[in-house]
Amino acid sequence: MPELPEVETRVRELRQPCVGRTICGVQLDWPRHLHQLSPQQFAERIHGQTVTQLWRRGKYLIFDLTRDALLIHLRMSGDLCVQPGNSAAEPHTHTRLRFENGHELRFSDARKFGRVYLVGDAQQIVGKLGPEPLAAAFNARQLHTALRAKNRALKPLLLDQSFLAGLGNIYTDEALFIAGLHPQRRSASLSLAEAHALWLALRRALRSGIRHNGASIDWVYRGGQQQLHFRVYQRAGQPCLRCGALVRRIVVAQRGTHFCPHCQRLTRARK
DNA sequence: AGAAATACCCGTACGC
DNA sequence: TGCGTACGGGTATTTC
């Protein structure tokens, strides 16, 4: 579940305790987290490298190292924290990187979906991602052009990381509500004004998530307070905050999808 | 080629 | 109470 705002929150939490630290040991209890490398290859290659920067691209956390880049994707249930090496770890902690100062970067993941990458160039992993929705270079006209080039349903298209990086189920539903667009609307049918509304809504939903340090939901997800500000996500059967109609939950492309049937129409209302 | 469906996971919530 | 099972969610892989 960690989406862009939750990953951004991790970047802010982890930057200070990680940047400048040198990795002097690893413990890997679930090798399938590793991308391509064996535990031995991973341990030998990362040993002695220093974290020079920490940043984010889409939902990937990227630790720039002396020689390589360490990328971590939290997927559904992953979480990261830095704690003293002699302290008790969170349950489901499968991967640890020990720093020279005695602290550990701990990766816990109840569902074991998360992935760890160690590569020479981060672009090997994040190179195929779509634009960053919060970047200054990403504008409404560009979104409109991209939407028209596809003609897929909005919901699965916005979830496609090669189309736009960082959205997951929560913020996609929230943004479509803010924009007043039906999740099954065909992307090529949007006017420039509608694309602009979607562009604005995406940025508003994501910035709200970041401002509240992400969302905390579903027992596996440690986050901030954004769940107190959901407009439609997990609000099926409750009144729409804008018009009072009952929020509906449907399945679109195998994903639970929440929307207001009155505010987000598939076809234009006629009178 | 591109889009849709499936596999990977497992704690929880639910039905019987 | 206890057992069995469906569910969710992001993305790589498989299928269409």
Side-chain angles (χ1 to χ4, degrees), chain A residues 1-10 28-37 56-62 71-80 90-95 107-119 122-130 132-133 146-176 183-189 202 205-206 209 214-223 226-227 230 232-237 248-259:
Chain A
M1 268 164 286
E3 305 179 26
L4 188 155
E6 288 76 23
V7 177
E8 181 70 25
T9 301
R10 296 301 179 279
L28 301 160
D29 298 336
W30 180 252
R32 291 176 67 179
H33 276 144
L34 295 178
H35 175 74
Q36 292 188 343
L37 297 177
R56 172 193 70 71
R57 176 79 170 91
K59 305 175 194 174
Y60 290 83
L61 275 156
I62 304 176
L71 290 82
I72 298 182
H73 197 302
L74 302 174
R75 296 275 185 103
M76 310 278 307
S77 56
D79 198 6
L80 285 167
E90 302 294 313
H92 311 293
T93 296
H94 306 298
T95 297
F107 177 29
S108 60
D109 187 1
R111 287 176 177 149
K112 297 180 177 173
F113 272 24
R115 290 295 178 266
V116 175
Y117 309 79
L118 183 62
V119 292
Q123 292 306 314
Q124 293 174 241
I125 306 301
V126 299
K128 58 179 182 286
L129 293 179
E132 281 291 323
L147 289 167
R148 297 191 70 88
K150 287 293 181 179
N151 202 23
R152 295 172 61 187
L154 285 178
K155 168 97 181 202
L157 182 57
L158 291 172
L159 288 172
D160 185 337
Q161 302 299 298
S162 68
F163 181 79
L164 194 59
L167 289 169
N169 212 34
I170 296 172
Y171 295 96
T172 299
D173 282 3
E174 294 293 304
L176 287 171
Q184 289 174 307
R185 181 78 181 273
R186 305 305 296 190
S187 62
S189 75
L202 290 165
L206 293 171
S216 299
I217 55 173
D218 195 27
W219 69 268
V220 285
Y221 201 81
R222 172 184 74 87
Q226 179 61 26
Q227 70 281 3
F230 287 164
V232 287
Y233 187 77
Q234 290 189 338
R235 291 194 67 246
R248 284 193 63 196
R249 181 186 185 279
I250 60 174
V251 175
V252 178
Q254 287 76 244
R255 312 303 300 279
T257 299
H258 313 75
F259 73 108

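In what follows, every chain begins at residue 1, and chains take the letters A, B, ... in the order their sequences are listed. The figures that follow rest on heavy atoms only: side chains count, while hydrogens, waters and symmetry mates do not.
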Check the distance between [N]'s [atom2] and [X]'s [atom1] and give it to me in whole angstrom.
X         : N      : atom1 : atom2 : result
His258(A) : dG8(C) : NE2   : C1'   : 10 Å
Lys150(A) : dG2(B) : NZ    : C1'   : 7 Å
Gln234(A) : dC7(C) : CD    : P     : 16 Å
Gln254(A) : dG8(C) : CD    : P     : 11 Å
Lys155(A) : dG8(C) : NZ    : P     : 11 Å
Arg152(A) : dA5(B) : CZ    : C1'   : 12 Å
Met76(A)  : dC7(C) : CE    : C1'   : 10 Å

Contact list (N/O, under 3.5 angstrom) for nucleotides 9-11 of chain B vs protein:
| from | atom 1 | to | atom 2 | distance (Å) |
| --- | --- | --- | --- | --- |
| dC9(B) | OP1 | Arg32(A) | NE | 2.8 |
| dC9(B) | OP1 | Arg32(A) | NH1 | 2.5 |
| dC9(B) | OP1 | Arg32(A) | NH2 | 2.0 |
| dC9(B) | OP2 | Arg32(A) | NH1 | 3.4 |
| dC9(B) | OP2 | Arg32(A) | NH2 | 3.4 |
| dC10(B) | OP1 | Lys112(A) | NZ | 3.0 |

Worksheet item: When the C1' atoms of the five terminal pairs at each end define the local axes, what inter-axis angle does the helix from dG2(B)-dC16(C) to dC16(B)-dG2(C) show, to 10 degrees?
Response: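 One end axis against the other gives 60°.
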Examine the side chains of [X] and [Y] and answer whether a donor and an acceptor come within less than 3.5 Å of each other.
X         : Y         : value
Tyr171(A) : Glu6(A)   : yes
Ser77(A)  : Asp109(A) : yes
Lys128(A) : Ser162(A) : no
Asp29(A)  : His94(A)  : no

Worksheet, complete the sentence: For Arg235(A) and Phe230(A), the nearest pair of non-hydrogen atoms, with its separation, is CD-O, 3.4 Å
Response to the item:
Correct closest heavy-atom pair for Pro5(A) and Gly209(A) would be CB-C, 3.6 Å
Discussion item. Within the supplied structure, the quantity of interest is the number of heavy atoms (other residues, nucleotides, ligands) at a distance under 6.0 Å from Arg152(A) CZ; does it exceed 12?
Written reply: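 Yes - once you tally the heavy atoms of other residues, nucleotides and ligands closer than 6.0 Å, there are more than 12.
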Response to the item:
Quick tally for nucleotides 11-16 of chain C: nucleotides whose base has a protein heavy atom under 4.0 Å get B, sugar-phosphate-only ones S, the rest -, giving SS----
Item to complete: Using a heavy-atom cut-off of under 4.0 Å over every strand shown, decide if Arg249(A) touches base, sugar-phosphate, or nothing.
Response: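 Result for Arg249(A) = sugar-phosphate.
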Worksheet item: Quick one: side-chain hydrogen bond (donor to acceptor under 3.5 Å, both in side chains) partners of Lys59(A), sequence neighbours excluded?
Response: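 Listed in chain order: nothing, the list is empty.
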Fill in: Partners passing side-chain hydrogen bond (donor to acceptor under 3.5 Å, both in side chains) against Glu8(A) (at least two apart in sequence or in another chain)
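Scan of Glu8(A) (side-chain hydrogen bond (donor to acceptor under 3.5 Å, both in side chains), adjacent residues dropped) gives Arg56(A).
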Practice prompt. For dG9(C), take OP1 and OP2 only and decide whether either is under 4.0 Å from a side-chain N or O of Tyr233(A).
Written response: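 Affirmative; the distance criterion is met.
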Worksheet item: Can you list the residues that meet the ring-ring contact (aromatic ring centres under 6.0 Å, His included) rule with Phe113(A), with sequence neighbours excluded?
Response: none
Practice prompt. Output yes when Lys155(A) and Asp173(A) qualify as a salt bridge under the 4.0 Å nitrogen-oxygen rule, no when they do not.
Written response: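 Looking at Asp173(A) together with Lys155(A), the answer is yes, because their closest N to O distance falls below 4.0 Å.
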